[in-house]
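In this text, all values refer to a predicted model and were calculated from it rather than measured experimentally. Keep in mind that the numbers below use all heavy atoms, side chains included, and drop hydrogens, waters and symmetry copies.
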Amino acid sequence: MEARDALRATAAVAGRAATLKACGIAAVLFVVGLLVLGLIGATTIKPAAADSCGGRGTPGTDLEDLEDGKPSGGPSRAEQKTNAKIIDKVAASGGLSGRATLIGLMVALQESSLLNLDYGHADSIGLFQQRPSQGWGTREQIMRPKYAASMFYFGDDDGDPRGLTDVPQWESKDVRTLVREVQRPDASTLDLYVVQESLARQIADQAGINLDRKGTATAAPISETGNPGPPVGDADRPQSPEECYPDTDGKGGAPGNPFYDGNSSWPASVKNPRSAEDAIRWARREAETGSKQWLWWCLRFVAAAYGRKSAGTRFAIDHYRSMPEQMKHDGDRNPPPGALMYWDTGSEAGHVALYLGNGKIASNDIKRAGYIDVVDAADIETKWGSTYLGWAPPYFPRGG
């Protein structure tokens, strides 16, 4: 049940380029290839919705806006929604609450990005990365989403492996405890399951899943952070454009708008071999004289800029989601120079770039595949159609 390692993910990209693109470039190359072959028309390429504020680069775009009968979210989000509905149907048919569905979605997002993968760590496969060698079923069984979801919720008949409902008073327990009991991952990864809550709610909303559904359990639900209170709030509901993109001091936050320099110091816990000034100088030199070595390696690049050999996290979007809450500046378009800026690209990878100041970033793949270039930060929205998530200091607690 451990997280899939980056080497296996990279090896599988060739077979799943459209769904598992890293840092945006794989999908760009895939679409360009189709255009060259004349298999699709340019008018069918549309930005996909990734948050409650509408689509990438276009406020108010709805994922259900169809063109030629195909969801604008692309095959990755379409498959996620299909699998989410299966998980919900299994939970509902077993009399479980909407919270059970939410937990199932959070776990599947962390384990497989809510995709029915035929590979994983060791012999892990499927939505929940269940292992045939550990008694979860045969490979053929686990690769059926309905079976995998049923095993996640109800476990084996003999109680080994156990499912969610085999955990005593599961409705009143926090997600970390439940994941530890059912998935049995490395303890250091438990927080990564918790930070999937927001995306799980977004997908559930897009798939028409009612997370408020009552089940047969009588225990009062708790929030996914482990604090007493209702699990469903208004934080991830669709908002008005004014709420989504507030105009601060004339520096509006709407996609495509410029970025401006902010003034913020790093917390004392942020320590790197290089300072922000040195990291910026190194990144600029890499853009001027660097080699073609950064294809898909956005997170590795920003870690290298700060003098690290590795970031300690698989993907850029996971790195942002696992940041301490006080370090994340969601939607803030006023990052200080040296900050790391993050985007949702519609894949499990996302994208991160180093903010240089004056609205510029050092980014791989945006102009030349594999190279670093200095470009406007807004280009990730306007040219890739990605959704800006926010900025954070260069914090690499597990970095090498």
Side-chain angles (χ1 to χ4, degrees), residues 23-25 56-57 245-291 293-294 297-308 311 316-317 319-320 323-324 326-345 350-368 370-396 399:
C23 302
I25 185 63
R56 292 176 178 72
Y245 311 112
D247 191 342
T248 305
D249 297 329
K251 302 171 183 178
N257 277 20
F259 288 84
Y260 297 88
D261 292 1
N263 184 16
S264 178
S265 58
W266 309 145
S269 57
V270 177
K271 299 177 180 179
N272 293 295
R274 290 196 185 107
S275 66
E277 292 78 10
D278 288 340
I280 290 172
R281 280 193 290 270
W282 184 91
R284 287 188 178 278
R285 283 197 302 271
E286 188 65 24
E288 294 170 359
T289 62
S291 62
Q293 61 175 310
W294 302 109
W297 282 355
C298 55
L299 185 56
R300 182 176 295 190
F301 164 69
V302 296
Y306 275 95
R308 294 188 172 274
I317 201 166
H319 193 245
Y320 186 67
M323 282 276 180
Q326 66 272 20
M327 292 189 188
K328 292 193 292 187
H329 299 263
D330 293 340
D332 184 355
R333 301 177 78 87
N334 298 270
L340 307 184
M341 299 175 66
Y342 298 83
W343 288 265
D344 181 349
T345 61
H351 187 70
V352 61
L354 178 65
Y355 186 63
L356 305 178
N358 297 317
K360 302 290 186 180
I361 56 172
S363 173
N364 62 312
D365 301 337
I366 185 67
K367 280 188 175 180
R368 303 171 294 167
Y371 290 94
I372 302 301
D373 284 294
V374 174
V375 298
D376 289 338
D379 282 359
I380 307 299
E381 294 169 321
T382 59
K383 294 186 178 181
W384 279 2
S386 298
T387 296
Y388 176 60
L389 297 177
W391 67 268
Y395 184 54
F396 304 97

Atom NZ in K360, atom CG in L356: separation rounded to 0.5 Å?
-> 9.5 Å
Would you check if L340 and Y355 make a side-chain contact, meaning some heavy-atom pair closer than 4.5 Å?
-> no
Does the side chain of H319 come under 3.5 Å of the side chain of Y342 through a donor N or O and an acceptor N or O?
-> yes
G350 versus C298, closest heavy-atom pair with distance = O-SG, 4.2 Å
Is P267 close to Q326 at the side-chain level, that is, under 4.5 Å between some pair of heavy atoms?
-> no
Would you please test S363 and H351 for side chain to side chain contact (heavy atoms under 4.5 Å, CB included) and show each step?
-> CA-CA 9 Å; S363 173; H351 187 70; 3.0 Å; yes
Any V352 side-chain heavy atom under 4.5 Å of I317 side chain | no
What is the minimum heavy-atom distance between P394 and G338, and which atoms define it?
-> CD-O, 4.1 Å
If you measure from CG on D376 to CD1 on I366, what distance do you get to the nearest 0.5 Å?
-> 10.0 Å
Any cation-pi pair here, R308 with F396, using under 6.0 Å and within 45°?
-> no
Assess R333 against Y260: is NZ or CZ under 6.0 Å from the centre of the six-membered ring, and within 45 degrees of the ring's axis?
-> no
Any side-chain heavy-atom pair from I372 and F301 closer than 4.5 angstrom?
-> yes
Does CG belonging to D330 count more than 12 external heavy atoms closer than 6.0 Å?
-> yes
Donor-acceptor contact below 3.5 Å, side chain D373 vs main chain V375 = no
Shortest non-hydrogen contact between W343 and S386, atoms and distance | CB-CB, 4.0 Å
Partners of Y306 by side-chain hydrogen bond (donor to acceptor under 3.5 Å, both in side chains), sequence neighbours excluded?
-> none
With distance as the sole criterion, is a donor-acceptor pair present between the side chains of D344 and Y320 under 3.5 Å?
-> no
Are Y395 and N272 close enough that a side-chain donor and a side-chain acceptor fall under 3.5 Å?
-> no
Pairwise side-chain contact, I361 with I380, heavy-atom cut-off 4.5 Å (strictly under) = yes
Just wondering, do D365 and W297 contact through their side chains at under 4.5 Å, heavy atoms?
-> no
Distance-only donor-acceptor pairs under 3.5 Å for side chains of residues 280-288, two or more places apart:
| from | atom 1 | to | atom 2 | distance (Å) |
| --- | --- | --- | --- | --- |
| R281 | NH2 | D278 | OD1 | 2.2 |
| E286 | OE2 | W294 | NE1 | 2.9 |

Check whether any side-chain N or O of R274 sits under 3.5 Å from a backbone N or O of A304 as a donor-acceptor pair, and report yes or no.
-> yes
Grab the two heavy atoms, one from G331 and one from Y388, that are nearest each other, plus how far apart they are.
-> C-CE2, 3.8 Å
Kindly give the heavy-atom pair with the smallest separation between A377 and F259, and that separation in Å.
-> CB-CD1, 3.4 Å
Heavy-atom side-chain proximity of M327 to S269 below 4.5 angstrom | yes
Would you name the heavy atoms of L354 and A305 that are closest together and state the gap between them?
-> CD2-CB, 4.0 Å
Would you say the side-chain atoms of N364 pair up with the backbone N or O of Y371, donor to acceptor, closer than 3.5 Å?
-> no
